[in-house]
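Written out below as structure tokens is the structure these notes cover.
Labels below follow one simple rule: chain letters A, B, ... track the order of the sequence lines, proteins then strands, and each chain is numbered from 1.
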Amino acid sequence: MEGFGSDFGSGGGGGELDPGLIMEQRMTDKCFRKCIGKPGGALDNSEQKCIAMCMDRYMDSWNTVSRAYNSRLQRERANM
Amino acid sequence: MDGPSAAGLGGADPQLQRFIEVETQKQRFQQLVHQMTELCWEKCMDKPGPKLDSRAETCFVNCVERFIDTSQFILNRLEQTQKSKSAFSESLSD
């Protein structure tokens with residue numbers, strides 16, 4: 001079963017030159033929203049931990065969505 | 001909405017055409033996964049924890065299914081609306 005890693009390396013990225021770039025942009029957006037409350041003078045320890053966890057959970061989510069979408073596509077093809 | 005046709009890009013080479021079709025499909029797949037992950041994250045994720053719990057995981061799976069259902073529903077209904085419109089305008093032009 002393909003995980004995030006193999007998709008990452010295949011070069012597909014929605015037309016962008018760097019597939020990692022989309023991922024990075026979305027992670028930054030999502031994790032900033034989840035982890036940073038009132039912006040302080042620096043990222044404190046808890047914020048950094050939150051961001052790290054958030055990145056991992058985003059990748060988990062990406063993999064879950066990828067698997068679910070793949071299953072759905074296969075089901076649709078089987079029904080044709 | 002579709003990219004350039006494989007015939008245009010690959011010329012007469014069927015192997016190259018096939019390769020382009022496959023790569024285009026892969027790209028479309030990835031685009032949609034990015035889009036759905038983004039949407040479903042908003043609906044399914046509270047505070048990021050040490051792992052993806054089963055409730056969130058179920059939510060993501062349901063989210064993907066309902067997203068595709070929504071897309072199909074809209075396509076079908078638009079098709080129906082267009083059909084009834086063209087039948088109507090045909091009757092007017094008689």
Count the heavy atoms of every other residue, nucleotide or ligand shown that sit under 6.0 Å from [atom1] of [X], and state whether that count exceeds 12.
X: Arg75(A); atom1: CZ; result: yes
X: Met55(A); atom1: CE; result: no
X: Asn76(B); atom1: CG; result: yes
X: Glu42(B); atom1: CD; result: yes

Same cluster (ILVMFWY, side-chain, under 4.5 Å), [X] and [Y]:
X: Phe32(A); Y: Met23(A); result: yes
X: Leu39(B); Y: Phe29(B); result: yes
X: Tyr69(A); Y: Met59(A); result: yes
X: Tyr58(A); Y: Val61(B); result: no
X: Phe73(B); Y: Ile68(B); result: no

Item to check | Interface moiety of Leu73(A) toward chain B, non-hydrogen atoms closer than 4.5 Å | outcome: side chain
Item to check | Part of Asp56(A) lying under 4.5 Å from any heavy atom of chain B | outcome: neither
Checklist entry - What option among Cys44(B), Pro48(B), Cys63(B), Ala56(B) has the most heavy-atom pairs under 4.5 Å with chain A? => result Pro48(B)
Checklist entry - With chain A, which of Gln35(B), Lys51(B), Met36(B), Glu38(B) has the greatest number of heavy-atom pairs at distances under 4.5 Å? => result Glu38(B)
Please report the interatomic distance [atom1]([X]) to [atom2]([Y]), rounded to the nearest 0.5 Å.
X: Cys31(A); Y: Trp41(B); atom1: SG; atom2: CH2; value: 5.0 Å
X: Arg57(A); Y: Asp53(B); atom1: CZ; atom2: CG; value: 10.0 Å
X: Thr37(B); Y: Met27(A); atom1: OG1; atom2: CE; value: 10.0 Å

Next on the checklist: Quick check on Asp69(B) against chain A: is it the side chain, the backbone, both or neither that has a heavy atom closer than 4.5 Å?
Outcome noted: both
Next on the checklist: Taking side chain as everything from C-beta outward and backbone as N, CA, C, O, which of these in Val64(B) sits under 4.5 Å from a heavy atom of chain A? Side chain, backbone, both or neither.
Outcome noted: side chain
At their closest point, which heavy atom of [X] faces which heavy atom of [Y], and how far apart are they?
X: Cys50(A); Y: Lys47(B); value: SG-CE, 4.2 Å
X: Trp62(A); Y: Gln30(B); value: CH2-NE2, 4.1 Å
X: Glu65(B); Y: Ala68(A); value: OE2-O, 4.4 Å

Checklist entry - Given the rule in the side-chain contact (heavy atoms from CB on, under 4.5 Å) test, do Arg72(A) and Phe67(B) qualify, once you have shown the distances and angles that lead to the verdict? => result CA-CA 11 Å; Arg72(A) 175 62 180 256; Phe67(B) 180 87; over 6 Å; no
